[in-house]
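Predicted model, so just to flag it, every value in this text is computed and none were measured. Indexing begins at 1, ligand by ligand and atom by atom, following the structure's order.
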Amino acid sequence: MDLRGTMRITGDGRLEIGGCTCDRLAREFGTPLYVMDEDEIRARCREMAGVLSRAYPDTFVAYASKAFSTLAMCRLVHQEGLGLDVASGGELYTALQAGFPPERILFHGNNKSVEEVEMGVRAGVLRFVVDNMHELDILEDVARRFRRRVHVQIRLTPGIEAHTHDYIRTGQLDSKFGLGIANGQAMAAARRVLASELLVLEGLHCHIGSQILAVEPFGVAAALVMDFASEVKKETGYTVREVNLGGGLGVRYKSGDERVPLGKYASMISKIVREKCLAHGLEMPRLMVEPGRYIVGEAGTTLYTVGAIKEIPGVRKYVAVDGGLADNPRVALYQASYEAVVATRALSPPEEKVSIAGRHCESGDMLIWDILLPRLRPGDLLAVLSTGAYNYSMSSNYNRYPKPAVIFVKAGMADVVVARETYQDVAARDRIPARFEFADDASSCVGTAGTA
Ligand code: LLP
């Protein structure tokens, strides 16, 4: 099995992350538990910023916090010198609470509310990534009221569908995000921003998808954005200063997978931006990217305790764990595929094929279909790998289960960054309307069974 980040297996077969054995973490913090490998996150931040800036002189890497956002994570990203992409008021709030400098924040979202726009303008975020004309109305109004100039990037619908291994270009992408190039919407938005006294056109943005393992689609996107930058110059005389290619860089979920080759990615996009500048006579823009999964995906491991085991002879053996759909909805949502290790017997050879089920009331609540593992027993500790991106951030309280804790591990230290929820937390915001109060006088209950 390919180990991730600082993972290693001790001589007696125990899985260790950040110098902490998983059985120690489970004893100390309970299960299910999200374990984040701090050194791995920092290594990916440094790799991303380093590789990109070596390929192209003027770069800006913004971590896409939708992948995993907590106060400690925002602090870490700031320590590593990256910018931040937020896609909601909640993500912006988290960043600001963590002390993240607003002048390094990009504000995304395809339906930002007036309140969210006000929050961003008040904080003074670096850029609004504008998704549609309605947002321009709101931005102008808020900018006027706050007497501030607002700096924007226009999100383009690139018309590319990128998949893991292949990609196709479609003339017109059917997407709720961004402004179409082909139908003139993007140009209309650019003209509108340029005509505004309050809005400043800084750049163009596009994001072609997520978990992309090939570099070619990114090159196609870069070319498209640069060609559009040239159109803008031809039509308006204005040269955009920034090109933001979004996120989407793929990571390893299973052994044998390869992360997107970062060096190739960086040289591909920087080469295309350069060539297009020469071809179109444009000045070199600042190059921005917004990786989310690449930064945190492989750093995350979820620990579960094995419970009920059900064998249907000749059909399948289900091994249920104390988590599932609520802490990892990606299997049900995207047919995502994971691999797992028995955390105290990581050196034991596989003995049987099982399927790992969750504990939620839903047949689709499965974590792994068909995996070869050593024989599992109730009480065993199971580690599911590569759960750092979009697991905690998309978790829910389905079945009113409290959300697991999140811990950061590093060099033998383990610290809680999100405390485990309690049943009290789960019900804390519930209210019972006064008219639902238990009545002393049973006759006041209308239609209650047993009333005369
Ligand atoms: N920038 C923009 C504008 C985005 O929409 C996204 C992700 C990113 C950056 C970061 O993409 P990444 O580098 O993480 O691929 N919940 C799904 C993924 C949704 C991605 C949404 N946008 C999943 O669990 O696979």
Side-chain angles (χ1 to χ4, degrees), residues 34 41 44-45 47-48 52 60-69 73 77 82-88 91-92 105-112 126-132 135 152-158 160-164 173 175-179 203-215 217-218 221 225 242-253 257 259-260 262 265-266 269 287-300 302 325-338 367 384 386-396:
Y34 293 114
I41 304 176
R44 296 285 77 76
C45 290
E47 181 196 21
M48 193 76 204
L52 202 66
F60 185 89
V61 178
Y63 164 66
S65 67
K66 71 202 79 184
F68 172 75
S69 166
M73 182 63 196
V77 172
L82 267 52
L84 200 72
D85 147 352
V86 301
S88 69
E91 288 175 6
L92 176 58
I105 295 178
L106 313 178
F107 200 169
H108 280 271
N110 70 305
N111 188 24
K112 301 178 187 80
L126 178 69
R127 301 284 177 260
F128 275 85
V129 182
V130 172
D131 203 277
N132 52 65
E135 182 177 341
V152 309
Q153 294 180 353
I154 293 175
R155 178 165 181 172
L156 308 172
T157 309
I160 300 169
E161 274 178 35
H163 301 291
T164 304
L173 190 69
S175 166
K176 73 167 183 170
F177 294 109
L179 291 140
L204 302 173
H205 172 279
C206 90
H207 169 79
I208 54 172
S210 205
Q211 182 57 13
I212 299 166
L213 293 166
V215 298
F218 295 106
V225 176
E242 294 169 356
V243 164
N244 182 341
L245 297 179
L249 294 94
V251 304
R252 287 182 296 181
Y253 279 96
D257 287 355
R259 274 201 292 270
V260 68
L262 199 59
Y265 163 85
I269 59 175
L287 181 57
M288 296 185 164
V289 293
E290 303 166 338
R293 193 188 314 265
Y294 193 86
I295 303 293
V296 288
E298 294 184 21
T302 312
L325 182 69
D327 63 78
N328 184 354
R330 298 193 67 261
V331 181
L333 273 175
Y334 318 115
Q335 291 79 49
S337 183
Y338 288 88
L367 286 172
V384 176
S386 289
T387 60
Y390 304 105
N391 280 230
Y392 171 68
S393 69
M394 292 177 73
S395 64
S396 76

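- Residue Gly292 has at least one heavy-atom neighbour below 4.0 Å for each of these atoms of ligand 1: 12 (P), 13 (O), 14 (O).
- Taking atom 12 (P) of ligand 1 as the reference point, the nearest protein heavy-atom neighbour is Gly248 N, 3.4 Å.
- Within ligand 1, counting atoms from 1 as listed, the ones closer than 4.0 Å to a heavy atom of Asp85 are 1 (N), 9 (C).
- Between Ser210 and ligand 1, a contact under 3.5 Å exists for at least one N or O pair.
- Of all protein heavy atoms, the one closest to atom 4 (C) of ligand 1 is Lys66 NZ, 3.2 Å.
- Remark: Ser337 OG to Arg330 CZ distance equals 10.5 Å, nearest 0.5 Å.
- For ligand 1, the polar-atom distance check against Tyr390 finds a nitrogen or oxygen pair separated by under 3.5 Å.
- Checked against a 3.5 angstrom limit, the closest N/O atoms of Tyr294 and ligand 1 fall outside it.
- One distance of note links OG of Ser65 with CD of Glu91; it measures 4.0 Å at 0.5 Å rounding.
- Heavy atoms of Leu333 found under 4.0 angstrom from ligand 1: none, in either backbone or side chain.
- Here Met73 contributes atom CE and Tyr392 contributes atom OH; the two are 13.0 Å apart, rounded to the nearest 0.5 Å.
- Annotation for ligand 1: atoms under 4.0 Å from non-hydrogen atoms of Gly247 are 1 (N), 9 (C), 13 (O).
- Shown here are the side-chain hydrogen bond (donor to acceptor under 3.5 Å, both in side chains) partners of Arg155, two or more places apart in sequence or in another chain: there are none.
- Contact check for Phe107 versus Lys112: side-chain heavy atoms found under the 4.5 Å cut-off.
- Heavy-atom distances between Ala389 and ligand 1 stay at or above 4.0 Å for every pair.
- Evaluated by nearest non-hydrogen atom to atom 6 (C) of ligand 1, the leading choice among His207, Arg330, Met394 is His207.
- For ligand 1, the atoms lying closer than 4.0 Å to a non-hydrogen atom of His108 are 3 (C).
- For ligand 1 and His205, the ligand atoms under 4.0 Å from any heavy atom of the residue are 3 (C).
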ask   = Do His205 and His108 pass the ring-ring contact (aromatic ring centres under 6.0 Å, His included) test, and can you show the C-alpha distance, the side-chain angles, and the key distance before you say yes or no?
value = CA-CA 10 Å; His205 172 279; His108 280 271; 4.9 Å; yes
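- How far OH of Tyr63 is from CD1 of Ile295: 8.0 Å, rounded to the nearest 0.5 Å.
- Within the 4.0 Å heavy-atom criterion, both parts of Glu290, backbone and side chain, lie near ligand 1.
- Both the backbone and the side chain of Arg293 come within 4.0 Å of ligand 1, judged by heavy-atom distances.
- When only non-hydrogen protein atoms are considered, atom 16 (N) of ligand 1 lies nearest to Tyr334 OH, 2.8 Å.
- For Arg127, the salt bridge (charged side-chain N to carboxylate O under 4.0 Å, His left out) test picks out Glu202, Glu242, with sequence neighbours left out.
- To the nearest 0.5 Å, atom CD1 of residue Ile154 and atom CG of residue Asp131 are 11.0 Å apart.
- Assignment of Pro291 to the shell around ligand 1 is supported, since a heavy atom sits closer than 4.0 Å.
- Between Glu298 and Arg44 there is no salt bridge, since no side-chain N of the basic residue sits under 4.0 Å from a carboxylate O of the acidic one.
- In the vicinity of Ala64, heavy-atom distances shorter than 4.0 Å reach the ligand 1 atoms 8 (C), 9 (C), 10 (C).
- The shortest heavy-atom contact between Val251 and Tyr294 is CG1-CA, 3.6 Å.
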